[in-house]
Amino acid sequence: MKTRFNALTVMMTVVSMVMVSCTDDLHQTAGEYTFKTSGSVTLTSGDQSETLLLNNETGSLSIINKDDKDGGIILTINSSYGPVQIATGRIEGKNVLIDSYKRSLEFTELKLQILQPDVVKTTFDNVDVTGNGERYGDTIIFTWTYEGVSTDGTVTLKGTNIKTIATRK
């Protein structure tokens with residue numbers, strides 16, 4: 001009987017420690033951040049490709065605890081450029097694992113003509129965004145990959161190694 005009680009006590013202690021560790025990581029990560037995102041994407045149409053720098057995005061980022069058993073979070077990104085983005089994910093230790101989500105991007109090019117410039121816009125409504133982050137104290141560094149096709153289906157977009165630096169407010 002004592003052996004059974006001791007084994008049960010040890011198992012319960014280990015489970016409690018794991019649960020507290022996950023909760024601590026989540027509470028240390030959840031909160032309000034300012035951020036800046038930069039990187040580049042390659043646009044391809046037919047046999048032509050062009051690599052463009054993304055507009056630097058700055059704004060606020062919130063990591064909200066979903067209060068579930070999996071360390072679930074909601075990530076809201078309110079940037080000065082473009083629409084609000086919402087993603088889900090989870091915290092595992094110092095890692096912020098983000099589920100794939102969609103976002104919009106638009107690129108504007110000026111083609112000079114006689115007397116009047118012609119503005120050409122290429123819109124991407126459903127860019128797949130994948131990536132994860134790692135927490136270093138009050139800073140999280142996210143690395144993203146963007147992939148998509150323009151709204152008119154003529155241009156593909158691919159971007160790797162896009163970085164977001166988020167710092168706790």
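The residues of the chain are indexed from 1 along the displayed sequence.
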Worksheet entry | Between OG on residue Ser62 and CD1 on residue Ile74, distance to nearest 0.5 Å | 10.5 Å
Worksheet item: Does any non-hydrogen side-chain atom of Thr29 lie less than 4.5 Å from one of Val96?
Response: yes
Practice prompt. Can you measure from OG1 (Thr88) to CD1 (Ile98) and round to the nearest 0.5 angstrom?
Written response: 8.0 Å
Practice prompt. Please list all pairs passing the salt bridge (charged side-chain N to carboxylate O under 4.0 Å, His left out) test where one or both residues lie in residues 36-64, with sequence neighbours left out.
Written response: Glu57-Arg103
Worksheet item: Applying ring-ring contact (aromatic ring centres under 6.0 Å, His included), which residue pairs with at least one partner in residues 150-169 are found, sequence neighbours left out?
Response: none
Worksheet item: Can you tell which of Val129, Thr130, Leu75 makes a side chain to side chain contact (heavy atoms under 4.5 Å, CB included) with Tyr101?
Response: Val129
Item to complete: Over all heavy atoms of both residues, which pair between Gly89 and Asp99 is shortest? Give the atoms and the distance, please.
Response: N-OD2, 3.7 Å
Item to complete: Please check if Ile86 and Ile91 belong to a single hydrophobic cluster, counting links between Ile, Leu, Val, Met, Phe, Trp and Tyr side chain heavy atoms closer than 4.5 Å.
Response: no
Worksheet item: Taking C-beta and beyond as the side chain, do Ile77 and Tyr33 meet within less than 4.5 Å on heavy atoms?
Response: no
Worksheet item: Should Lys94 and Asp25 be marked as a salt bridge (Lys or Arg N to Asp or Glu O under 4.0 Å) after you check the CA-CA gap, both sets of side-chain angles, and the distance that decides it?
Response: CA-CA 7 Å; Lys94 293 188 181 296; Asp25 290 331; 5.9 Å; no
Practice prompt. Check whether any side-chain heavy atom of Leu105 lies under 4.5 Å from a side-chain heavy atom of Leu157, and answer yes or no.
Written response: yes
Item to complete: Quickly, which of Asn126, Thr122, Thr123, Asp125 forms a side-chain hydrogen bond (donor to acceptor under 3.5 Å, both in side chains) with Thr151? Name it, please.
Response: Asp125
Worksheet item: Roughly how far, to the nearest 0.5 Å, is OG1 of Thr167 from CD1 of Ile141?
Response: 9.0 Å
Discussion item. Under a 3.5 Å cutoff, is there a donor and acceptor pairing between the side chains of Thr42 and Thr51?
Written reply: yes
Worksheet item: Pairs in or reaching into residues 141-151: which pass salt bridge (charged side-chain N to carboxylate O under 4.0 Å, His left out), with residues at least two apart or in two chains?
Response: Glu147-Lys158
Worksheet item: OG/Ser40 to CG/Leu53 distance, rounded to the nearest 0.5 angstrom?
Response: 6.0 Å
Discussion item. If I take atom CD1 from residue Ile140 and atom CG from residue Asn132, how far apart are they, to the nearest 0.5 angstrom?
Written reply: 11.5 Å
Worksheet entry | Any Arg135 side-chain heavy atom under 4.5 Å of Gln28 side chain | yes
Item to complete: Decide side-chain contact (heavy atoms from CB on, under 4.5 Å) for Tyr146 and Phe124; before the verdict, give the C-alpha distance in whole Å, the side-chain angles of both, and the deciding distance to 0.1 Å.
Response: CA-CA 11 Å; Tyr146 292 0; Phe124 297 83; over 6 Å; no
Practice prompt. Heavy atoms only: give me the nearest Ser45-Val155 pair and the separation to one decimal.
Written response: CB-CG2, 4.1 Å
Item to complete: Find out whether Thr156 and Leu43 are in side-chain contact, i.e. whether some heavy atom of one side chain is under 4.5 Å from a heavy atom of the other.
Response: no
Worksheet item: Quick one: CD on Gln85 to OG1 on Thr37, what's the gap to the nearest 0.5 Å?
Response: 8.0 Å
Worksheet, complete the sentence: Closest non-hydrogen atoms of Asn56 and Ser38, given as atom of the first, atom of the second and distance, are OD1-CB, 3.0 Å
Worksheet entry | Nearest non-hydrogen partners of Lys66 and Ile73, listed with the distance | CD-O, 3.4 Å
Worksheet item: Below 6.0 angstrom between ring centroids: does that apply to Phe142 and Trp144?
Response: yes
Worksheet entry | Heavy-atom closest contact (Ser49 atom, Thr44 atom, distance) | OG-OG1, 3.0 Å
Worksheet item: Are Ile162 and Val41 side-chain neighbours, meaning at least one heavy-atom pair lies under 4.5 Å?
Response: yes
Worksheet item: Which heavy atom in Arg90 sits nearest to a heavy atom in Asp70, and how many Å separate them?
Response: CB-O, 3.7 Å
Worksheet item: Taking atom types as modelled and ignoring hydrogens, do the side chains of Thr34 and Ser60 form a donor-acceptor contact shorter than 3.5 angstrom?
Response: no
